[in-house]
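Dropping the structure in here first, questions after.
Computed from a predicted structure; not experimentally measured. Letters go in sequence order (proteins before strands), and every chain restarts at 1.
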Number of protein chains: 2
Amino acid sequence: MEITACHAAKGRPREFDTDSALTAALRVFWTKGYEGASLSDLTEAMGITRPSLYAAFGNKEALFRKTLDLYQREKLDYMGKALDAPTARGVAERLLTGALEMQMSSCDPKGCMGVINSVACGTEAESIRAEVLKRGATVKQGLIDRFERAKTEGDLPADTDVIGLTAYLTALLQGIALQAGGGTSCADLKALIDTSLSCWPSK
Amino acid sequence: MEITACHAAKGRPREFDTDSALTAALRVFWTKGYEGASLSDLTEAMGITRPSLYAAFGNKEALFRKTLDLYQREKLDYMGKALDAPTARGVAERLLTGALEMQMSSCDPKGCMGVINSVACGTEAESIRAEVLKRGATVKQGLIDRFERAKTEGDLPADTDVIGLTAYLTALLQGIALQAGGGTSCADLKALIDTSLSCWPSK
DNA sequence: TACATTATGTACCGGTCATTATGGAAATCA
DNA sequence: TGATTTCCATAATGACCGGTACATAATGTA
């Protein structure tokens with residue numbers, strides 16, 4: 001039995017909204033990381049009890065993956081759109097400014113959920129780490145493909161090291177998330193992005 | 001009473017070497033992070049029992065700070081030396097290649113201990129996080145001062161945004177550590193550094 | 001030899017973790 | 001109404017967490 005939008009449930013209907021509960025869970029994982037978020041943290045933020053959580057989402061790991069989907073869909077959509085920019089520089093511009101705007105948003109936690117959960121922690125979270133790294137690799141591959149295309153289009157010089165350029169841009173984005181999570185001011189972050197763009201190799 | 005090299009200890013002598021035990025503990029914290037490293041992990045790696053650990057180092061947090069000192073002294077010395085480079089570009093070169101060499105070393109864990117422990121985790125590690133962030137800020141301030149000097153020396157253009165340039169370089173270093181910890185190959189890391197240096201604004 | 005001092009190993013402490021069994025209340029269907 | 005289904009709340013489970021009593025062993029000094 002799957003979760004459907006229009007449920008024709010037989011018994012007592014669910015008393016909470018799964019979407020808003022998932023959003024609340026996302027905030028917890030976002031700020032505390034997978035292992036740092038306890039079930040008590042989660043249930044309190046979601047406004048439901050433990051059994052309700054397990055009935056609705058499976059377990060902690062499954063809940064995390066669902067919040068990760070939500071995060072990618074709602075908070076990282078600018079990354080997908082960035083690839084549609086007409087030039088490689090446009091892609092970099094959209095990615096950097098998108099990351100900046102995301103960190104400027106005052107209502108969301110700071111830092112990047114992916115970055116937070118990609119660092120090594122306890123053994124129990126090994127599969128979580130692998131999952132996050134896999135998703136990060138997919139994003140990176142999208143960038144590689146885009147820059148490769150830019151090269152064939154003459155948008156990037158023929159001798160461009162696409163792997164290097166991608167790793168370079170990725171490192172900048174990761175560093176931005178890290179510094180934002182570490183409390184660097186918005187002004188400093190903006191200076192970071194400005195410097196990055198002034199350094200960008202292509203016009 | 002302090003720990004002295006030539007101990008005139010009264011009682012039973014310690015059966016293990018505190019320095020090598022500390023090195024072993026460093027590896028554990030380095031790979032697993034503060035919270036991911038359990039006392040069982042630590043005592044097993046250090047080859048000592050729990051009470052011996054507490055007698056010699058205080059508690060887990062004090063042990064972590066000692067390993068952090070060791071890490072900074074032995075693994076991050078290239079950062080201090082980098083500031084002695086004659087030009088701003090030389091500083092960046094030494095920092096980037098130093099970070100690369102560190103990640104190429106096959107006998108050490110991947111990633112940066114500071115980066116790993118600067119992301120938010122459970123509430124118990126809040127002071128740890130603050131300590132790591134403080135040390136990172138000190139390093140960053142050293143870079144700012146160095147680039148400010150480069151500006152007065154005419155080594156950097158007068159209109160250089162030193163804050164932005166520092167945050168930019170710091171982001172690159174953090175991104176390198178993150179990608180190294182995430183399993184990026186040495187070849188890709190090298191390409192990252194090469195691209196970064198080719199982008200560096202000053203000669 | 002006797003004592004003070006320090007380190008050692010064993011075994012344990014209370015607390016928290018994620019997960020689940022239990023039981024009663026409430027909302028749907030026939 | 002009665003049957004069914006899912007809800008919520010309580011609390012127990014076993015495992016692990018960081019941190020310690022405790023008695024014992026090994027050194028110094030006297």
Side-chain angles (χ1 to χ4, degrees), chain A residues 1-4 6-18 20-21 24-25 28-29 32-67 117 121-129, chain B residues 1-22 25 28-29 32-67 117 121-129:
Chain A
M1 182 177 324
E2 277 302 311
I3 297 176
T4 57
C6 266
H7 63 1
K10 293 288 178 185
R12 175 176 176 175
R14 183 172 286 130
E15 292 186 1
F16 62 93
D17 180 39
T18 54
S20 58
V28 177
F29 281 129
K32 303 193 146 194
Y34 178 74
E35 294 196 305
S38 71
L39 278 185
S40 299
D41 294 330
L42 291 165
T43 53
E44 187 186 5
M46 299 165 83
I48 63 177
T49 61
R50 276 166 144 83
S52 299
L53 188 153
Y54 277 83
F57 301 104
N59 59 12
K60 187 183 179 184
E61 181 166 343
L63 174 64
F64 178 81
R65 287 177 201 272
K66 288 190 174 66
T67 63
N117 290 285
C121 280
T123 53
E124 62 160 319
E126 199 57 42
S127 65
I128 293 293
R129 186 170 120 89
Chain B
M1 184 176 318
E2 279 302 311
I3 296 175
T4 57
C6 266
H7 63 358
K10 294 288 177 183
R12 177 175 175 173
R14 183 169 286 129
E15 292 185 2
F16 62 93
D17 179 41
T18 55
D19 285 344
S20 58
L22 206 59
V28 177
F29 281 129
K32 304 193 143 196
Y34 177 73
E35 293 195 305
S38 71
L39 279 185
S40 299
D41 293 330
L42 291 165
T43 53
E44 186 186 3
M46 300 165 82
I48 64 178
T49 61
R50 270 168 152 81
S52 298
L53 189 154
Y54 277 81
F57 302 103
N59 59 10
K60 188 185 177 184
E61 180 165 345
L63 173 64
F64 178 81
R65 288 178 201 272
K66 288 189 173 67
T67 63
N117 290 285
C121 280
T123 52
E124 63 161 316
E126 200 56 42
S127 65
I128 292 293
R129 186 170 120 88

A/N117 side, atom CG; A/E35 side, atom CD - distance, nearest 0.5 Å: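 Taking CG in A/N117 and CD in A/E35, the distance rounds to 9.0 Å.
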
Contact string for nucleotides 9-20 of chain D, one letter per nucleotide 5' to 3', B = base within protein heavy-atom range under 4.0 Å, S = sugar-phosphate only, - = neither, reads BBB-----SBBB

Rounding to a whole Å, what distance do you find between A/F64:CZ and C/dC17:C1'?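 Between C1' of C/dC17 and CZ of A/F64: 18 Å.
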
Given 3.5 Å as the limit, does a donor-acceptor pair link the side chain of A/K32 with the main chain of B/T123, or not?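 Looks like no, no N/O pair under 3.5 Å.
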
Starting from C1' on D/dT27, measure out to CD on B/E15 and report it in whole angstrom.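 From B/E15 CD to D/dT27 C1': 11 Å.
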
Side chains of A/M46 and A/L63, heavy atoms from C-beta outward: is any pair under 4.5 Å?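 In contact.
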
Expressed in angstrom and rounded to an integer, what is the separation of B/K10 atom NZ from C/dC3 atom P?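 To the nearest whole Å, that distance equals 18 Å.
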
What are the two closest non-hydrogen atoms of B/A25 and B/T67, and how far apart are they?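 Closest approach of B/A25 to B/T67: CB-CG2, 3.8 Å.
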
Distance check needed: D/dT6 P versus A/F57 CZ, whole Å only.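 Rounding to the nearest Å, CZ of A/F57 and P of D/dT6 are 16 Å apart.
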
Where A/E124 and A/Y34 come nearest, the two heavy atoms and their spacing: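 Closest approach of A/E124 to A/Y34, heavy atoms only: OE1-CE2, 4.5 Å.
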
Show me the donor-acceptor pairs within less than 3.5 Å that the side chains of residues 49-57 of chain B make with the rest of the protein, sequence neighbours left out.
from, atom 1, to, atom 2, distance (Å)
B/T49, OG1, B/S52, OG, 3.2

When you measure from the side-chain N and O atoms of B/S52 to the phosphate of C/dT8, is any distance below 4.0 Å, counting only OP1 and OP2?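 Yes, within the criterion.
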
Value in whole Å for how far the P atom of D/dT27 lies from CZ of B/R12: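 B/R12 atom CZ is separated from D/dT27 atom P by 8 Å.
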
